[in-house]
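Working notes for the structure below.
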Amino acid sequence: MKKTFILTALLALGAMTAEAQTYLNPNAPLEERVKDALSRMTTHEKIKLLHAQSKFTSAGVPRLGIRQLNMDDGPHGVREELEWNTWNAARWTNDSIVAFPSLTCLASTWNRDLSQAYGNAVSEEFAFRGKDIMLGPGVNIQRTPLNGRAFEYMGEDPFLAGEMVVPYIRGAQANGVACCLKHFVLNDQETDRFAVNVNVSDRAMREIYLRPFQKAVEQAHVYTIMGSYNMWKGVHCCHNDELLNGILKKEWGWDGALVSDWGGTTNTMEAALGGLDIEMGTYTDGKVRESAFGYDDYYLGNPFEQLITEGKVPMSVLDEKASRVLRTIFRTSMNPKKVIGSQCSEAHYEVCRQIGEEGIVLLKNEKNILPLNPMKNAKYHNILVVGENATRSLTKGGGSSELKTLRDDTPLDALKRCYETMISYAPGYYSGRAMYDRVDRIDSAKQAQLKAEALEAAKSSDLIIFIGGLNKNTRQDCENGDRESYDLPYGQNELIAELAKIQKNIIVVTFGGNPYAMPWLKDVAGLVHCWYLGSESGAALANVLTGVVNPSGKLPVTFAAKYEDYPYVQYGAEAYPGVKKQVYYKEDIFVGYRHFATKNVKPLFPFGFGLSYTTFAYGKPTAVTSGENIIVETTVTNTGKVAGKEIVQVYMTAPQSDVPRSAKELKGFAKTKVLDPGESETLRISIPKNELAYYDETGHQWKVTAGTYTLNVGANVNDIKGKVSVNIN
Ligand code: BGC
């Protein structure tokens, strides 16, 4: 009797332990862990998973030892630690990190391996700071050069953005840190971002705006996605049933958790039924205002719990949301394979610098003014550096992507390391405090004085390096507002033009996430565009200017000669920034170079453009079909005098089909290794046949038209070196 009792007790205990082990057992299948955890939770505990418990965390289940989710911005490095419940800095002393280059810069490298290295390095910093979810990367489409957040995205082309984001996500998630891909979807402007309703054809939606997100879901299995503030079909994208339940979860089969943008949730029933899983940042205006509402008062807090307990929303809806959050927890904060990571390691600075060096784009190089020789045989001995961006920290400002860095190497410091006393500096203009000061706050007397000083200094120089551009101040490249003009701000156009009159040896270097007008272009000898380069800004730029590195970046966005040339501008305010909070994407699929190439509009610098200090010759391309892929082959030879890398691009021209097609569409690309002078490399570029498809709005499906496709192989969209045809049945 006694024996039986002990045996039964032991068995029960064993069963309990085995049972307890399922959700805590890292070796158990993920879905079993989720199911097991869910079965042990009360309704209230499930509800708690679905909304914030602080500015940047959502709760776990402490009673069961289920950890919370620690999130942080994103996407260029880990944001400074904030107080638990305010937007104030927590003033920690251990949260200075490496700022990596902006995603626009990453896109300019066209280097998938570097993207993977970026994801890996930045996620190691997130892991070390105790974060589970990195709020980024972003793949909204650069539809307008005025977009205040374009620097956080990957350019105007869905193929390039999709190809570049996949390795980033893989690199990060392999470390047990989830990416939170943003902003899903159509958050292509900051003007009226909280309310604007985007009207876009199903075809443009599928082919252009959803495409990079779809790739991230299907190829990189991104763990979390952030809904955008704006609306589509009159419903906010953070809880848009058709978008989130229909397309993302059902059609694409995505099993991750949909996180709201901060303050992007507006309605309990929609939040309940519209596919939102974690509600963040409600009752703030995104940055500054606070309210008395507690976290339990969130739409997915008490109000949602009430709907469940009253039976107005079925328990299955709650269970599904909670399952998605649990899955995320087991993939990150309770993933035994999550790395410990590291912060400010030399390896991270190395990745940062490499991406900067490969993302910098050389746009003009008259009479080979660049590269400048190293110090010992320098061509110029009195180098005047002009421009505020030579000394300004460009990791500051911009909004949520602002970073607190341990090291911020400026261009002026780096150039002084190279040329010592040959360098002198004049700011030439000023722009006020990062983020806060608008153009109209600038003191014109002070501005005039800085300009006069620079022009005076120019007289005794033998070379001017102007370092300016945009700077992440409000209405420059900054969240929650678009740029107000296509021109460079703070009188830079006039300043550059006047400097160029005094000194013909002038190289203009610009930072910024967007294209801009260059009325002075013909008067300057050299032009280099840097996007934002992060902690190693100075070193990366100096290495390119001095020729230690041969530039190999190419533009992920078209630089138009004038603002009016952008495709949507002809349609007036309805097409951008919208009228009465309605915006119509009237240019349809003809975004960026699709418009310039189809309508024969000559850009200042075409999509895919970038110069090198060497030259490349292309062999005749060939193409064969192999199963579901087309394999394009071409040989590239370095025909110049210095080693360098080339980016080869393949643009499709489709046969006549039922719908208008773009004259050219990017369908493949590859970057060579470093080719020594005279060296060749044969590149094999594989294009899945389904990449040739267009979206058929009537049949609601992708369709590949049968016929002959031309594959244009070239150095940029307008510089086609060879063509090859393939027949598709
Ligand atoms: C931005 C997001 C960001 C969030 C948290 C929002 O205003 O749109 O991109 O992740 O704030 O800082």
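Positions are given from 1 along the sequence. For ligands, and for the atoms within them, numbers begin at 1 and follow the listed sequence.
Those atoms of ligand 1 with a heavy atom of H183 less than 4.0 angstrom away are 2 (C), 8 (O), 9 (O). Ligand 1 places these atoms under 4.0 Å from at least one heavy atom of K182: 2 (C), 3 (C), 9 (O), 10 (O). When each atom of ligand 1 is checked for a heavy atom of F56 under 4.0 Å away, the hits are 5 (C), 12 (O). Those atoms of ligand 1 that come under 4.0 Å of a heavy atom in R79, given as number and element, are 12 (O).
Residue contacts with ligand 1 for R193 involve side-chain atoms from C-beta outward but no N, CA, C or O (heavy atoms, distance under 4.0 Å). Under 4.0 angstrom from ligand 1, the non-hydrogen atoms of E479 all belong to its side chain. At a heavy-atom cutoff of 4.0 Å, ligand 1 is contacted by the side chain of R149 but not by its backbone.
H348 and F100 have tilted rings, their planes meeting at an angle from 30° to 60° on a 0 to 90° scale.
Compare D72, N480, D261, V259 by their heavy atoms: the one nearest to atom 6 (C) of ligand 1 is in D261. Here atom 3 (C) of ligand 1 lies nearest to D73 when heavy atoms of N187, D73, L82, L135 are compared.
Taking the six-membered ring for Trp, F607 and W110 have ring centres closer than 6.0 Å.
Under the 4.5 Å side-chain criterion, counting only non-hydrogen atoms from C-beta, Y229 is not in contact with H183. Counting heavy atoms from C-beta on, the side chains of Q142 and P515 come closer than 4.5 Å.
For the ring pair (Phe, Tyr, Trp, His ring centres under 6.0 Å) with F184, the qualifying choice from W254, F213, W232 is F213, the only one to do so.
By the neighbour-count criterion of 12 heavy atoms within 6.0 Å, atom CZ of R112 is densely surrounded, having more than that number from other residues, nucleotides or ligands. By the neighbour-count criterion of 12 heavy atoms within 6.0 Å, atom CH2 of W92 is sparsely surrounded, having that number or fewer from other residues, nucleotides or ligands.
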